[in-house]
Amino acid sequence: MYRVIFIFIFLFLGTGSSILSALQDLSWLSKSKVEKQLQIISVLQWVLTFLVMGVTCTVILMYILCTDCWVIAAVYLAWLVFDWNTPKKGGRRSQWVRNWAIWRYFRDYFPVRLVKTHNLLTNRNYIFGYHPHGIMSLGAFCNFSTEATGVGQKFPGIRPYLATLAGNFRMPILRDYLMSGGICPVNRDSIDYILSKNGSGNAIVIVVGGAAESLNCMPGKNSVTLKNRKGFVKLALRHGADLVPVYSFGENEVYKQVIFEEGSWGRWVQKKFQKHIGFAPCIFHGRGLFSSSTWGLLPYSKPITTVVGEPITIPKVDHPSQREIDFYHSMYVSSLIRLFDKYKTKFGLPETEVLDIN
């Protein structure tokens with residue numbers, strides 16, 4: 001266990017090359033073992049961040065308020081009140097955080113890959129529709145909230161903003177961590193600000209299927225919740241932002257979950273959470289921390305390949321009609337299906353595989 005702790009310290013203090021050079025001097029570690037342990041720790045820290053960091057930091061902050069160090073918590077809470085609306089105004093991204101060595105080990109664990117199919121003009125704004133959701137949208141995070149797969153080099157002049165639940169930005173410390181990666185709330189205020197008051201070259205990445213789609217994700221299944229999801233198309237029309245379909249092959253392969261049938265008590269509980277809180281609790285598992293043959297919270301190391309499709313030019317319409325929304329939504333669905341069909345055989349799917357649109 002002390003070996004894992006040793007590696008964990010180096011992971012955050014050094015660059016990727018300095019970590020490996022330092023650890024390779026130790027006789028009990030080979031290069032391949034070092035890299036694998038770094039990859040596991042890199043992914044584990046993000047999984048724990050996703051699942052428990054917000055609640056944990058809130059509890060710790062409340063505890064500190066009850067100790068002799070209450071001033072520290074009070075100062076942070078004062079700052080939190082002052083800074084409350086920053087997530088709605090594009091956040092506070094940090095290129096330093098986005099370029100941490102830890103994200104490159106995160107990338108290599110699966111591995112995650114970003115495929116560019118078309119150039120994006122820097123004088124336009126974009127809404128990327130990301131599919132499928134999976135359990136944690138790991139491909140979306142790695143590709144658009146870090147520089148591990150080179151999104152900045154592949155799309156120069158484009159600033160990606162991954163949109164996630166607004167509730168995450170009410171959690172102390174977690175909100176700052178998310179904003180440093182360019183993550184923003186998926187609400188109208190935030191999206192309106194980025195697309196209208198933040199210049200051009202912005203790309204909002206929306207996981208369109210949301211919580212509803214996550215309830216049905218499972219290995220071997222390529223299905224998206226999109227048929228009645230038209231709000232993102234309306235936003236694109238109101239701002240004249242081009243729509244870009246994005247499909248991640250392998251996103252559904254990294255976790256297994258218990259799928260509750262419609263009408264069952266389990267699905268009823270999930271839908272109640274989704275309706276009132278905004279997310280749906282899933283019963284899922286990956287591999288164990290020390291063995292891939294046991295169950296645990298680590299995702300399975302399956303390749304995730306994210307393909308960014310051709311942009312669909314969208315006119316600016318201040319008050320789009322339902323007919324206009326339906327028209328461009330239909331164009332988007334057709335474009336997503338073409339993208340899936342074009343690349344499916346290149347990433348391990350049979351020619352007969354069909355993308356289900358629900």
Side-chain angles (χ1 to χ4, degrees), residues 46 49-65 70-100 124-130 137 140-141 144-147 151-152 157-208 210-211 231-241 273-279 316 318-319:
W46 177 250
T49 295
F50 182 89
L51 294 175
V52 301
M53 183 178 179
V55 174
T56 301
C57 288
T58 302
V59 171
I60 292 174
L61 192 67
M62 295 301 103
Y63 171 75
I64 294 175
L65 275 174
W70 65 270
V71 174
I72 297 174
V75 170
Y76 179 80
L77 288 173
W79 161 253
L80 189 63
V81 172
F82 174 79
D83 194 55
W84 191 254
N85 289 323
T86 297
K88 299 178 183 178
K89 298 179 179 180
R92 189 167 46 247
R93 70 200 294 130
S94 166
Q95 285 302 115
W96 176 66
V97 173
R98 288 174 61 90
N99 281 285
W100 275 353
R124 299 285 294 174
N125 284 324
Y126 301 90
I127 293 180
F128 286 16
Y130 183 90
S137 300
F141 168 74
F144 301 114
S145 295
T146 81
E147 291 297 330
V151 64
I158 301 298
R159 293 181 299 277
Y161 294 85
L162 177 60
T164 188
L165 290 176
N168 290 322
F169 297 89
R170 302 187 187 102
M171 301 286 189
I173 310 301
L174 174 63
R175 65 190 294 277
D176 302 290
Y177 193 26
L178 295 180
M179 283 194 292
S180 67
I183 301 177
C184 68
V186 61
N187 58 32
R188 180 169 173 175
D189 289 342
S190 177
I191 294 173
D192 282 349
Y193 183 91
I194 293 171
L195 294 180
S196 63
K197 299 179 181 179
N198 202 40
S200 59
N202 303 291
I204 303 285
V205 184
I206 300 177
V207 186
V208 178
F232 72 106
V233 178
K234 185 176 181 179
L235 282 170
L237 283 164
R238 289 181 57 245
H239 294 284
F273 267 82
Q274 179 187 338
K275 180 179 179 180
H276 298 292
I277 302 179
F279 76 94
K316 189 176 187 304
D318 291 332
H319 302 287

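Computed from a predicted structure; not experimentally measured. Numbers for residues simply follow the sequence, beginning at 1.
Because its NZ or CZ atom is not both nearer than 6.0 Å to the ring centre of Phe144 and within 45° of the ring axis, Arg98 does not count as a cation-pi partner of that residue.
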*Decide yes or no on side-chain contact (heavy atoms from CB on, under 4.5 Å) for Tyr130 and Leu162, but give the supporting numbers first.*
CA-CA 10 Å; Tyr130 183 90; Leu162 177 60; over 6 Å; no

*I would like to know whether Asn198 and Tyr161 meet side chain to side chain donor-acceptor pair (under 3.5 Å); could you show each step before the answer?*
CA-CA 12 Å; Asn198 202 40; Tyr161 294 85; 3.0 Å; yes

*List the steps, then state whether salt bridge (charged side-chain N to carboxylate O under 4.0 Å, His left out) holds for Lys89 with Asp189.*
CA-CA 8 Å; Lys89 298 179 179 180; Asp189 289 342; over 6 Å; no

*Quick one: do Arg188 and Lys88 satisfy side-chain contact (heavy atoms from CB on, under 4.5 Å)? Show the steps, please.*
CA-CA 9 Å; Arg188 180 169 173 175; Lys88 299 178 183 178; over 6 Å; no

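Looking only at side-chain heavy atoms (C-beta outward), Trp70 and Ile64 stay at 4.5 Å or farther from each other. The side-chain heavy atoms of Ser137 and Val207, taken from C-beta on, include a pair separated by under 4.5 Å. A heavy-atom distance below 4.5 Å is found between the side chains of Ile194 and Cys184. The shortest distance between side-chain heavy atoms of Ile127 and Leu195 falls below 4.5 Å. At least one side-chain heavy atom of Tyr177 sits less than 4.5 Å from a side-chain heavy atom of Met53. Between Thr164 and Phe141 there is no side-chain heavy-atom pair separated by less than 4.5 Å. Side-chain contact between Ile191 and Ile206 is present, with heavy atoms from C-beta onward closer than 4.5 Å. Using a 4.5 Å heavy-atom threshold, the side chains of Phe128 and Ile204 count as separate.
In this structure, Asp176 pairs ionically with Arg92, as a charged nitrogen and a carboxylate oxygen lie closer than 4.0 Å. In this structure, Lys197 does not pair ionically with Asp192, as no charged nitrogen and carboxylate oxygen lie closer than 4.0 Å.
Between the side chain of Arg93 and the backbone N or O of Arg159 there is no donor-acceptor pair closer than 3.5 Å. Tyr76 places a side-chain N or O within donor-acceptor distance of the main-chain N or O of Ile173, the cut-off being under 3.5 Å. Thr86 places a side-chain N or O within donor-acceptor distance of the main-chain N or O of Asp83, the cut-off being under 3.5 Å. For Glu147 (side chain) and Gln95 (main-chain N/O), no donor-acceptor pair under 3.5 Å exists by modelled atom type. For Ser190 (side chain) and Val186 (main-chain N/O), no donor-acceptor pair under 3.5 Å exists by modelled atom type.
Pairing each heavy atom of Gly54 with each of Thr58, the nearest pair is O-OG1, 2.8 Å. What you find for Pro185 and Pro87 is that their closest heavy atoms are CD-O, 3.2 Å.
For the side-chain contact (heavy atoms from CB on, under 4.5 Å) with Leu65, the qualifying choice from Leu77, Ile60, Ile72, Val71 is Leu77, the only one to do so.
Under the side chain to side chain donor-acceptor pair (under 3.5 Å) criterion, Asn125 pairs with Asn202, not counting sequence neighbours. With sequence neighbours excluded, the residues that form a ring-ring contact (aromatic ring centres under 6.0 Å, His included) with Phe232 are Tyr332.
By the 30° and 60° cut-offs, the orientation of the rings of Trp96 relative to Trp100 is perpendicular.
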